[in-house]
Amino acid sequence: MTHVHCPECGFQNLESANYCSKCGALLIRDEPGSHTTMTFTPDETAEDDSVSLADLRIEGPALVVRSGGGRSGETFTLEHDRTSLGRAPECEVFLDDVTVSRRHAVITRGEDGFTLHDEGSLNGTYVNRRRVESAKLEDGDEVQVGKYKLTFLEG
């Protein structure tokens, strides 16, 4: 049985996997004979194109797109007791990409706060880089749905 190593965390995944089952990163397939070694040194002087959360001035609970699909900075308020996330157009958080299931996940509001529930998605739902079936959300948590990374803000 062959395996694919995650470029982010190094976890050994089955060859049939498209995303790392440990951290959710996209798995890159190497063509035979195409191995190349490269060194990447982050440029500390480069400006960050991402939107500062402080600049958004969001009131109330919300999800803010941090990366994915060119939608950085887009905000979804969590006004209802149940908010659906997915590729289906009727989802309150509509994420139009094949890495997102039609009905990927749902966020519910309870007496103890907000909870994220995976709805049997193909690629999984991640909170702070850990695959979850269900997780209580805390202010500042990173939620990954397909290629989209969102930040949960309690407001």
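Residue numbers run from 1 in the order of the sequence given. Given the structure is predicted, the values throughout are model-derived calculations rather than measurements. Values below: every heavy atom of this structure, side chains too, minus hydrogens, waters and symmetry copies.
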Test question: given the 4.5 Å side-chain rule for I, L, V, M, F, W and Y, name all other residues clustered with L26, or answer none.
Y19

N123 side chain to T99 main-chain N or O, any donor-acceptor pair under 3.5 Å?
yes

To the nearest 0.5 Å, tell me how far Q144 CD sits from R131 CZ.
11.0 Å

E15 side chain to A17 main-chain N or O, any donor-acceptor pair under 3.5 Å?
no

Rounded to the nearest 0.5 angstrom, the NE2-CD distance for H117 and E119 is 8.0 Å

For T108, is there any backbone N or O sitting under 3.5 Å from a side-chain donor or acceptor partner on T115?
no

Do L63 and I107 have side-chain heavy atoms sitting under 4.5 Å apart?
yes

Tell me the ring-ring contact (aromatic ring centres under 6.0 Å, His included) pairs involving residues 69-104, sequence neighbours left out?
none

What one should report as the nearest heavy-atom pair of C91 and S84 is CA-OG, 3.3 Å

Is there any ring-ring contact (aromatic ring centres under 6.0 Å, His included) pair reaching into residues 136-155, and which pairs are they, with sequence neighbours excluded?
F114-F152

How long is the span from the CG atom in D141 to the OG1 atom in T151, to the nearest 0.5 Å?
9.0 Å

Same cluster or not: V143 versus L95, using hydrophobic residues (I, L, V, M, F, W, Y) connected whenever any side-chain heavy atoms lie under 4.5 Å apart?
yes

Working to the nearest 0.5 angstrom, can you tell me the gap between Q12 CD and C20 SG?
11.0 Å

Taking V100 as the starting point, is it possible to reach V93 by hopping between hydrophobic residues whose side chains are less than 4.5 Å apart?
yes

Would L85 and V127 show up in the same hydrophobic cluster when neighbours are defined by side-chain heavy atoms closer than 4.5 Å?
yes

Test of understanding: with side-chain hydrogen bond (donor to acceptor under 3.5 Å, both in side chains), list the residues that count as partners of S21, not counting sequence neighbours.
N13

Any side-chain to backbone donor/acceptor pair from N128 onto E142? Under 3.5 Å, distance only.
yes

Indicate, with yes or no, if V4 and Y126 share a hydrophobic cluster defined by side-chain heavy-atom contacts under 4.5 Å among Ile, Leu, Val, Met, Phe, Trp and Tyr.
no

Distance in Å, R109 CZ paired with L137 CG, rounded so as to fall on 0.5 Å steps:
12.0 Å

Nearest 0.5 Å please: distance from the CG atom of D118 over to the OG atom of S134.
9.5 Å

Under 3.5 Å, side chain of S72 to main-chain N/O of R66, donor-acceptor pair present?
yes

Within the side chain of S67, is there an N or O that forms a donor-acceptor pair under 3.5 Å with the backbone of V65?
no

Suppose we screen for salt bridge (Lys or Arg N to Asp or Glu O under 4.0 Å). Which residues come up paired with R129, at least two apart in sequence or across chains?
E8

With a 6.0 Å cut-off (strictly less than), is the heavy-atom count around CZ of R102, excluding the residue itself, greater than 12?
no

Tell me, do V106 and T83 make a side-chain contact under 4.5 Å, heavy atoms counted?
no

Any pair with a residue in residues 86-101 that passes salt bridge (Lys or Arg N to Asp or Glu O under 4.0 Å), sequence neighbours left out, goes on the list, sorted by first then second residue, please.
E90-R103, D97-K147

